[in-house]
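Scroll down for the structure; my scribbles are underneath it.
Basis for what follows: all heavy atoms, side chains included, without hydrogens, waters or symmetry-related copies. Each chain gets a letter, A, B and so on, in the order its sequence line appears, and its residues count up from 1.
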Number of protein chains: 2
Amino acid sequence: MKGPRVSSGIRKQQILAAAKRCFQRKGYAQTTIDEIAAEYGMSKGSIYWYYPSKKAVLIDLFRVFVEENLNRILTEIGSIRSARDRITAIGEHLTRSLQEDIELYSALVVFWESSFVDESIREMLLEQYRLYDRILTGLLDDGERAGEFVVPDKKIYAALMIAMMEGIIVRQVLSKDLDLAEICRSVSGVMNRLLPEKKSQKRPAGSPNTGKDEG
Amino acid sequence: MKGPRVSSGIRKQQILAAAKRCFQRKGYAQTTIDEIAAEYGMSKGSIYWYYPSKKAVLIDLFRVFVEENLNRILTEIGSIRSARDRITAIGEHLTRSLQEDIELYSALVVFWESSFVDESIREMLLEQYRLYDRILTGLLDDGERAGEFVVPDKKIYAALMIAMMEGIIVRQVLSKDLDLAEICRSVSGVMNRLLPEKKSQKRPAGSPNTGKDEG
DNA sequence: CATAACATACTGACTAGTCAGTTTAGTTCA
DNA sequence: TGAACTAAACTGACTAGTCAGTATGTTATG
């Protein structure tokens with residue numbers, strides 16, 4: 001296959017896209033470098049031109065995962081004032097990205113398993129948890145400061161929300177049987193309902209407050 | 001190692017225990033049959049005496065996982081009347097088993113990844129979801145019949161509860177940084193709070209509910 | 001009891017295959 | 001030209017699974 005060569009940037013993207021697809025189909029260990037190469041009709045040599053090892057591809061894929069998801073969330077919610085609305089936005093973000101790129105989330109399960117073997121992947125995952133925790137804690141702080149709600153225990157709250165989202169990811173990746181839109185709406189609803197109104201003051205005027213709270 | 005031979009039942013248990021430990025440490029593909037054998041000082045041949053392949057060990061381990069967890073839950077909640085109390089009991093069961101046998105739950109992540117490659121493992125996982133769904137839906141039906149609460153959408157409710165629990169499992173397996181007891185109590189709390197009281201009768205939200213009423 | 005005959009449990013060297021990574025020999029393009 | 005890039009053949013470490021042989025019961029028989 002001596003087709004015209006492809007520009008460097010594209011090739012790297014192709015390698016990651018191919019790896020993502022292969023890992024979803026066969027997991028990490030069962031995927032061979034040759035299979036990844038075949039996905040876009042390139043050869044093994046091309047992959048080793050861009051990456052020093054198979055593991056390096058996995059790690060770079062994880063980097064992309066973090067960038068494409070966590071950092072994008074930050075941008076998206078950055079423009080939203082109300083903390084409650086931000087929670088809703090996070091739910092919507094999850095719905096959308098699960099629909100758009102289920103392969104990337106399948107790769108997440110691959111990362112999880114790989115973290116058993118590989119310390120650096122494990123460390124990246126833990127860092128991801130810390131990042132999530134920071135985002136949510138910050139959000140809750142903002143909401144409290146703005147008088148939107150009070151949070152009895154921020155750590156618990158953050159952990160529950162992360163757990164719910166990861167649980168949904170797992171199920172969708174494995175069985176694809178959820179009505180995502182419905183589920184994610186429920187998650188936002190639940191998480192909003194868990195935040196009691198601040199007792200001493202009325203809801204700030206003009207606060208959109210998406211929660212269908214009945215009490 | 002020519003020690004005295006071990007009875008058939010014990011050996012099989014040993015193989016599963018060894019596999020469980022090895023899979024937690026290195027994942028499925030990275031674990032060699034020799035490593036599993038070494039764990040209890042047996043030889044490769046012994047494993048192949050009991051199992052036809054490495055995959056068969058994994059599948060049997062999953063069978064044990066299902067038996068040890070799902071079926072045990074059924075027994076535990078079987079003797080509890082109140083549906084709300086059963087939800088609490090499920091939370092407590094999760095806390096306990098996560099503390100007792102984190103290795104088995106690590107294996108769950110291995111099963112997830114393996115399901116990408118192996119259709120039979122995938123089918124077992126889906127069956128597990130169906131089982132969970134049945135348990136929870138049955139529980140909600142009972143609670144409604146007994147007048148404990150009403151559930152707007154049982155499917156959603158079941159999916160959310162499963163997601164929360166699996167999310168907690170993932171995080172605990174990977175980072176072990178949660179205060180499990182606290183978190184699991186919160187899950188029961190949340191799930192109970194999501195169940196509105198039946199309109200026609202009054203009971204303060206979050207009340208313990210002894211389950212000695214109604215019929 | 002003894003011991004032969006059979007059944008079950010186990011061993012570990014070996015085979016056959018796989019696949020990550022390397023090498024070599026190009027091709028393309030600035 | 002030469003550096004970036006690609007293809008394809010190759011190497012060698014590694015490992016799932018096999019199997020001939022051994023050890024340890026268990027039962028049958030005198």
Length of the line joining [X]:[atom1] and [N]:[atom2], which is rounded to integer Å:
X: B:Ile47; N: D:dT18; atom1: CD1; atom2: P; value: 14 Å
X: A:Met42; N: C:dG26; atom1: CE; atom2: P; value: 23 Å
X: B:Ile15; N: C:dA9; atom1: CD1; atom2: P; value: 11 Å
X: B:Tyr28; N: D:dT15; atom1: OH; atom2: P; value: 14 Å
X: A:Lys26; N: C:dC19; atom1: NZ; atom2: C1'; value: 12 Å
X: A:Tyr51; N: D:dT6; atom1: OH; atom2: P; value: 13 Å
X: A:Lys54; N: C:dT22; atom1: NZ; atom2: C1'; value: 17 Å
X: A:Lys55; N: C:dC19; atom1: NZ; atom2: C1'; value: 17 Å

From [options], pick the nucleotide closest to the side chain of [X]?
X: B:Trp49; options: D:dG17, C:dA9, D:dT6; answer: C:dA9
X: A:Ser53; options: D:dT6, C:dG21, D:dA16; answer: C:dG21
X: A:Ser46; options: D:dG17, D:dT6, C:dT22; answer: D:dT6
X: B:Tyr48; options: C:dT11, D:dA7, D:dG17; answer: D:dG17

Any non-hydrogen side-chain atom of A:Leu108 less than 4.5 Å from a side-chain atom of A:Val173? no
Do B:Arg193 and A:Arg193 make a side-chain contact, defined as non-hydrogen atoms from C-beta onward lying under 4.5 Å apart? no
DNA chain C-proximal residues of residues 110-118 of chain B, any heavy atom under 4.0 Å: none
Per the under-4.0 Å heavy-atom filter, residues of residues 29-39 of chain A near DNA chain C come out as A:Thr31, A:Thr32, A:Ile33
Please confirm whether B:Arg84 makes a cation-pi placement over B:Phe149, using NZ or CZ under 6.0 Å from the six-membered ring centre and within 45° of the ring normal. no
Ignoring backbone atoms, establish whether B:Arg11 has a side-chain N or O less than 4.0 Å from OP1 or OP2 of C:dT8. no
Is A:Lys44 side chain donor-acceptor paired with the C:dA20 base, going by distance under 3.5 Å alone? yes
Check ring-ring contact (aromatic ring centres under 6.0 Å, His included) between [X] and all other residues, then give those that pass, not counting sequence neighbours.
X: A:Phe111; result: A:Phe62
X: B:Tyr105; result: B:Phe65
X: A:Tyr28; result: A:Phe23

For A:Arg81, I'd like to know if atom CZ has over 12 heavy atoms of other residues, nucleotides or ligands within 6.0 Å. no
Sorted by chain and number, sequence neighbours left out, side chain to side chain donor-acceptor pair (under 3.5 Å) with A:Asp118 holds for A:Lys55, A:Ser120
So how far is it from A:Ile168 CD1 to A:Leu178 CG, rounded to the nearest 0.5 Å? 7.0 Å
